[in-house]
Amino acid sequence: QVQLTESGGGSVQSGGSLRLSCETSGYTYYTRCLGWFLQAPGKEREGVAYILNDGTTDYSDSVKGRFTISQGKSNRTLYLQMNSMQPEDTAMYYCAAKSTTWNPISPEYYIYWGQGTQVTVSS
């Protein structure tokens with residue numbers, strides 16, 4: 001019902017910036033929560049940031065003050081502005097959507113997922 005497509009990943013030096021985009025399509029009327037998640041090799045997927053339909057946002061402790069989640073004016077595009085990037089940010093980044101607001105920082109029970117975009121930060 002909902003399709004998500006990420007873009008904007010790439011390689012950047014420590015201290016640099018990237019802006020990830022997630023284009024949404026399909027039947028998105030019941031979407032209540034959108035999130036960004038990361039998965040490093042050999043590790044579990046974890047939450048980075050989320051935004052609820054009322055505009056509420058939150059972030060993982062590791063990215064607070066450095067990353068910003070936002071939506072375009074049509075709410076069709078989700079963004080993640082990544083500043084002051086560190087090698088520890090290196091991972092595959094995914095956007096996801098669900099129709100509930102329970103435990104939004106957790107990847108569990110997000111229904112729709114993008115294919116991911118690779119982010120690599122060199123020291």
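Along the sequence shown, the residues carry numbers beginning at 1.
In this structure a side-chain-to-backbone donor-acceptor pair under 3.5 Å is present from Thr90 to Val121. For the pair Thr31 (side chain) and Cys33 (backbone), a donor-acceptor distance under 3.5 Å is absent. Without hydrogens or angle criteria, Gln115 side chain to Glu6 main chain gives no donor-acceptor distance under 3.5 Å. Trp36 contributes no side-chain N or O that, together with a main-chain N or O of Leu78, makes up a donor-acceptor pair within less than 3.5 Å. Within the 3.5 Å criterion, the main-chain N or O of Arg66 finds no donor-acceptor partner in the side chain of Ser84.
Taking Phe37 as the reference, Tyr110, Trp113 meet the ring pair (Phe, Tyr, Trp, His ring centres under 6.0 Å) condition, with sequence neighbours excluded.
Annotation: Lys64, atom NZ; neighbour count of heavy atoms from other residues, nucleotides and ligands within 6.0 Å is above 12. Environment of CD in Gln3: sparse, with no more than 12 heavy atoms of neighbouring residues, nucleotides or ligands closer than 6.0 Å.
Inter-residue side-chain proximity for Ser11 and Ser122 is flagged as unmet; no heavy-atom pair is nearer than 4.5 Å. Proximity of Leu20 to Thr117: side-chain heavy atoms (C-beta onward) are separated by under 4.5 Å at one or more points. Between Val48 and Tyr93 the shortest side-chain heavy-atom distance falls below 4.5 Å. Considering only heavy atoms from C-beta on, Thr100 stays 4.5 Å or farther from Tyr109 through its side chain. Taking the side chain as every heavy atom from C-beta outward, Asp58 and Thr56 never approach each other to under 4.5 Å. Using a 4.5 Å heavy-atom cutoff, the side chains of Tyr94 and Leu38 are not in contact. Counting heavy atoms from C-beta on, the side chains of Pro104 and Leu52 come closer than 4.5 Å. Residues Tyr50 and Thr57 fail the side-chain proximity criterion, which asks for heavy atoms closer than 4.5 Å.
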Next on the checklist: Show, in sequence, the C-alpha distance, side-chain angles and deciding distance for Glu23 and Thr77, and conclude whether the side-chain hydrogen bond (donor to acceptor under 3.5 Å, both in side chains) test is met.
Outcome noted: CA-CA 5 Å; Glu23 185 70 26; Thr77 307; 2.7 Å; yes
Checklist entry - Between Tyr79 and Arg19, does a side-chain contact (heavy atoms from CB on, under 4.5 Å) hold up when you go through it step by step? => result CA-CA 7 Å; Tyr79 300 103; Arg19 189 192 193 196; 3.6 Å; yes
Checklist entry - What's the verdict on side-chain hydrogen bond (donor to acceptor under 3.5 Å, both in side chains) for Gln1 and Tyr112, showing C-alpha distance, side-chain angles and the deciding distance? => result CA-CA 8 Å; Gln1 293 181 323; Tyr112 305 104; 2.9 Å; yes
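Taken together through direct or relayed side-chain contacts under 4.5 Å among Ile, Leu, Val, Met, Phe, Trp and Tyr, Val2 and Ile51 form parts of separate hydrophobic clusters.
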